[in-house]
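Some notes on the structure that comes next.
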Amino acid sequence: MTTKNRLAVSLPGLDLKNPIMPASGCFGFGEEYAKYYDLNQLGSIMIKATTINPRFGNATPRVAETTSGMLNAIGLQNPGLDFILAEKLPFLANHFPELPIIANVAGSTVEDYVAVCARIGEASNVKAIELNISCPNVKHGGQAFGTDPEVASELVKSCKAVTNLPIYPKLSPNVTDIVPIAKAVEKAGADGITMINTLMGMRYDLKTRKPVLANGTGGLSGKAIKPVALKLIHQVAEVVDLPIIGMGGVATAQDVLEMYMAGASAVAIGTANFTDPLICPKIINDLPEKMDEYGIESIERLIKEVRESKKGIQNA
């Protein structure tokens, strides 16, 4: 079996040459990273969040380092749907026509999400939609879409009604129990799940006695959250039959395989792109050797073995 075939994986809407992709928000729209390596090496790209109108994001400072990670409160800064359709996605289509794109969609109301989902598929290279359901829902008093099963279900159904693209809700770890959310989006027709989004956190400046981030709180990402991500992916993989794109603290080929052991079907790399812009191709190159070390024939075979193992545990 060739290296290419060993790493290939098929998900709804996505035929990936390998399971590695940059996570949304950590790779922009690919232009900067394309200066360092050929993006065709990647399995896919999760582009930066797209909202119906341009967003300038939160006040600065909005990024801070933490022990084994970072906090961010960017605030979904992006140039808006029209500009992304006219400029950002055509750049990727022109330079990397075979690279499947996962569009991350965000908003403040169900109508916002629906409007973006209805049009984002106009780009021929967009093959799936990741719904950022960690956004605050203004019609529900600022409560995030992903913290209530019924609200999450309504959002998935509404978006499914306006696009033929596969829908992957991005689950938040900032809930008491993630399982009801996962079950709700599966029942609503989601084609897959991505997880996890960032954990909420803070840091203080001892000189000013105020939070380091202007926003006060921010999303914690990086190596520190990998154990949390693995635990939640494991929980969700045991109760739903949907493929999971796992993320959270991944920085090595070893981390990728741990994500698979937990129940992932593909893996996204987030914060590690900031510390090493070449991290994705490095992990892709390292994967075959790491698979050999643990006697793993192929990624598809590993997915099958893990799923059979989890079903065996459930039926025991």
Side-chain angles (χ1 to χ4, degrees), residues 23-29 46-59 62-63 71-84 102-120 126 128-163 165 167-176 178 180-182 184-185 188-190 192-201 213-221 225 229 232 245 247-248 268 270:
S24 177
C26 301
F27 208 74
F29 296 93
M46 294 171 150
I47 60 171
K48 190 168 176 55
T50 299
T51 52
I52 190 71
N53 296 311
R55 288 179 59 121
F56 296 100
N58 294 324
R62 52 190 187 181
V63 176
L71 287 169
N72 91 83
I74 302 299
L76 300 177
Q77 179 181 343
N78 76 96
L81 175 63
D82 288 341
F83 189 84
I84 290 168
I102 301 174
N104 182 290
V105 173
S108 299
T109 65
V110 171
E111 291 77 14
D112 288 345
Y113 283 89
V114 166
V116 178
C117 285
R119 291 185 56 203
I120 200 76
V126 173
I129 292 173
E130 180 182 45
L131 291 184
N132 186 348
I133 62 176
S134 295
C135 298
N137 182 351
V138 296
K139 290 187 177 180
H140 284 253
Q143 177 189 41
F145 284 93
T147 60
D148 183 289
E150 291 186 11
V151 174
S153 175
E154 175 195 354
L155 180 62
V156 171
K157 288 178 181 178
S158 297
C159 292
K160 288 284 291 183
V162 297
T163 181
L165 293 179
I167 298 289
Y168 290 73
K170 187 172 188 177
L171 301 192
S172 170
N174 302 302
V175 293
T176 304
I178 202 168
I181 311 293
V185 298
I193 288 171
T194 71
M195 59 186 297
I196 60 173
N197 211 326
T198 55
L199 295 152
M200 293 305 297
L213 299 178
N215 195 58
T217 61
L220 175 66
S221 62
I225 75 167
L232 294 176
I245 301 177
M247 64 193 79

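Among V126, V116, I129, the single residue meeting the side-chain contact (heavy atoms from CB on, under 4.5 Å) criterion with T50 is V116.
The two atoms that bring A73 and N58 nearest to each other are O-ND2, 2.8 Å, heavy atoms only. L199 and N174 make their closest contact through CA-OD1, 3.5 Å (heavy atoms, listed as atom of the first residue, atom of the second, distance). Considering all non-hydrogen atoms of both residues, I52 and A115 come closest at CD1-CB, 3.7 Å. Minimum heavy-atom separation, L76 to A106: CD1-CB, 3.7 Å. Between G107 and F145 the shortest heavy-atom distance is O-CE1, 4.0 Å. Of all heavy-atom pairs spanning A49 and S24, the tightest one is N-OG, 3.6 Å.
For K160, the NZ atom is densely surrounded, since the number of other residues' heavy atoms within 6.0 Å is greater than 12.
Every side chain to side chain donor-acceptor pair (under 3.5 Å) that Q77 has, sequence neighbours left out, goes to R62. Listed by chain and residue number, P149, D177 satisfy the side-chain contact (heavy atoms from CB on, under 4.5 Å) test with P180 (two or more places apart in sequence, or in another chain). Under the side chain to side chain donor-acceptor pair (under 3.5 Å) criterion, D148 pairs with no residue, sequence neighbours left out. Residues that satisfy the side chain to side chain donor-acceptor pair (under 3.5 Å) test with N53, not counting sequence neighbours, are absent from this structure. For T194, the side-chain contact (heavy atoms from CB on, under 4.5 Å) partners are M46, E130, Y168, K170, I245, M247, not counting sequence neighbours.
Using a 4.5 Å cut-off on side-chain heavy atoms (C-beta onward), I74 and K48 make contact. Taking 4.5 Å as the limit, some side-chain heavy atom of N132 sits within range of a side-chain heavy atom of N197. Residues I225 and T198 form no side-chain contact, since every pair of their non-hydrogen atoms from C-beta on lies 4.5 Å or further apart. D112 places none of its side-chain heavy atoms less than 4.5 Å from the side chain of T51. Side-chain contact between L171 and V175: absent, with no pair of heavy atoms (C-beta onward) separated by less than 4.5 Å.
To the nearest 0.5 Å, atom CD1 of residue I133 and atom OG1 of residue T147 are 9.0 Å apart. The line from CD1 of I167 to CG of L131 is 5.0 Å long, rounded to the nearest 0.5 Å. Interatomic distance, CD1 of I120 versus CD1 of I47, reported as 5.5 Å (0.5 Å rounding). Residue S172 holds its OG atom at 8.5 Å from CD1 of I196, rounded to the nearest 0.5 Å.
Here salt bridge (charged side-chain N to carboxylate O under 4.0 Å, His left out) pairs that include residues 71-80, with residues two or more places apart or in two chains, number zero.
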